[in-house]
Amino acid sequence: MSAVTREAVEACLRQFTDPHLDQDPVSAGCLSEVDIQGARVAVRLELGYAAGLFKNGWAQMLQMALENLDGVDSAQVKVDCVIDSHQGQAQVPALAGVKNVIAVASGKGGVGKSTTAANLALALAREGARVGILDADIYGPSQGIMFGIAEGTRPQVRDQKWFAPLEAHGVQVMSMAFLTDDNTPMVWRGPMVSGALLQLITQTAWNDLDYLVVDMPPGTGDIQLTLAQKVPVAGSVIVTTPQDLALLDAKKGVEMFRKVHIPVLGVVENMAVHICSNCGHAEHLFGEGGGEKLAAQYGVELLASLPLSMAIRMQADDGKPTTIADPESQIAMIYQDLARKVGARIALAGKPAMPSIEISED
């Protein structure tokens, strides 16, 4: 029986592609430790993104492959998720208590941006991350409703300076709606809104977050530019529908983030297809393939394509978005995959991988 070598172990692992990183674990820098003791092999991988629902199955697959390697009697693979802080724009100070900020944006309203932001935050939390969400859509705040927070609930104030975020479904939530009356329209001008939002995000006492999801206002005006320039964003997600008009506005969103040097992690296409609940007929009410074309045009990934579904709307209105209302559904699985891909894209764009450690029997 030939002796097991590190090269053989790495060659075996290179045959498998992490579906979220689009790379094998060795090339992606996930291999942190290889321990070879005769015919026994122990491997430890570190994923730089939240993948609590994925890592055990991934470990089992790799372990089975190593057990079939020539010279190996037993193999053990352990996969950990280690989420680091990744640098936002240059010269923009980090947010206290927040490792990574994810901006969810759209060029226009009505494309499901807030629903996507809510489900993304909840999906990241289900993957084991510590997550917060900031509702920056000041003219139409909706995260309080989506997270089932009762009208009139107010955040506590600490030391006459800090807002303590509310918590729902394991996610820290903050919104201007928590400081105003639901029936009072916000009639502030742009500079007032920008100042209020910056104060809200910097004076909220976020508690050790891996990810802060920011539900951006629709559009690409002064408010959006101010937030993009003053908040350290690790990456952005553009939400659109296949409709030509929505795609035109989504392109402006991509261009805005590029001008302020914020990575566009990818595109989410909502309302891609409608499936009749009576007959099952599929129809592309808002056009077909728009999100894929937008992603290809800008060299980014189509992260998810979601159907026009009554369940998504009803569950969000009921304060329990799809990710937690029906976690085993096909739509919830799309959101979970989206969450892992977003985290993986941030990890890939971040710090270079550390060298791995090898422990061998002399």
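Keep in mind the model is a prediction, meaning the values are calculated, not measured. As a basis for the values below, the full set of heavy atoms in this structure was taken, side chains included, without hydrogen atoms, waters or symmetry mates.
When side chains are defined from C-beta on, V79 does not count as touching N56, because their heavy atoms never get closer than 4.5 Å. At a threshold of 4.5 Å between non-hydrogen side-chain atoms, the residues L166 and F178 count as touching. A 4.5 Å side-chain heavy-atom check between D337 and H20 finds at least one atom pair inside the cut-off. Residues I102 and L124 are in side-chain contact: their nearest non-hydrogen atoms beyond the backbone lie under 4.5 Å apart. When side chains are defined from C-beta on, Y49 does not count as touching I346, because their heavy atoms never get closer than 4.5 Å. Side chains of V104 and M216 form no contact here, defined as non-hydrogen atoms less than 4.5 Å apart. In this structure, D22 and R345 have side chains that are in contact, with non-hydrogen atoms separated by less than 4.5 Å. Side-chain contact between I238 and F257: present, with at least one pair of heavy atoms (C-beta onward) separated by less than 4.5 Å.
Under the 4.5 Å side-chain contact rule for hydrophobic residues, L120 and L53 do not share a cluster. When hydrophobic clusters are built by joining Ile, Leu, Val, Met, Phe, Trp and Tyr residues whose side-chain heavy atoms come closer than 4.5 Å, directly or via intermediates, M146 is not grouped with M314. In the hydrophobic clustering of this structure, V260 groups with V237; members are Ile, Leu, Val, Met, Phe, Trp, Tyr whose side-chain heavy atoms approach within less than 4.5 Å, directly or through other members. Under the 4.5 Å side-chain contact rule for hydrophobic residues, F16 and V4 share a cluster. L209 and V92 fall into different hydrophobic clusters, where Ile, Leu, Val, Met, Phe, Trp and Tyr residues are linked whenever their side-chain heavy atoms come under 4.5 Å apart, directly or through other members.
When all heavy atoms of D18 and W58 are compared, the pair lying nearest together is N-CH2, 3.7 Å. The shortest non-hydrogen separation linking Q172 to A205 is OE1-O, 4.4 Å. When all heavy atoms of H261 and P263 are compared, the pair lying nearest together is O-CD, 3.9 Å.
Put simply, the side chain of K99 never gets that close to the backbone of H86: no donor and acceptor are under 3.5 Å apart. Between the R130 side chain and the D208 main chain, a donor and an acceptor come within less than 3.5 Å of each other. In terms of modelled atom types and a separation under 3.5 Å, the side chain of D215 and the main chain of A118 share no donor-acceptor contact. Under a 3.5 Å cut-off, the side chain of D135 and the backbone N or O of S142 do form a donor-acceptor pair. Counting only distance, with no hydrogens or angles, the side chain of E33 and the backbone of R44 share no donor-acceptor pair below 3.5 Å.
Within a 6.0 Å radius of CE in M333, other residues, nucleotides and ligands contribute more than 12 heavy atoms.
Side-chain N/O atoms of E269 and S305 include a donor and acceptor closer than 3.5 Å. Judged purely by distance below 3.5 Å, without hydrogens or angles, the side chains of Q76 and Q63 never pair a donor atom with an acceptor atom. No donor-acceptor contact under 3.5 angstrom links the side chains of N270 and T240, judged on distance only.
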Working for salt bridge (Lys or Arg N to Asp or Glu O under 4.0 Å), residues E255 and K259 = CA-CA 6 Å; E255 293 290 355; K259 285 184 178 179; over 6 Å; no
Checking side-chain contact (heavy atoms from CB on, under 4.5 Å) for the pair K341/L265: CA distance, chi angles, key distance, verdict?
-> CA-CA 9 Å; K341 285 182 176 178; L265 305 173; over 6 Å; no
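The residue from N119, L122, V268 that alone fulfils the side-chain contact (heavy atoms from CB on, under 4.5 Å) condition with Y335 is N119.
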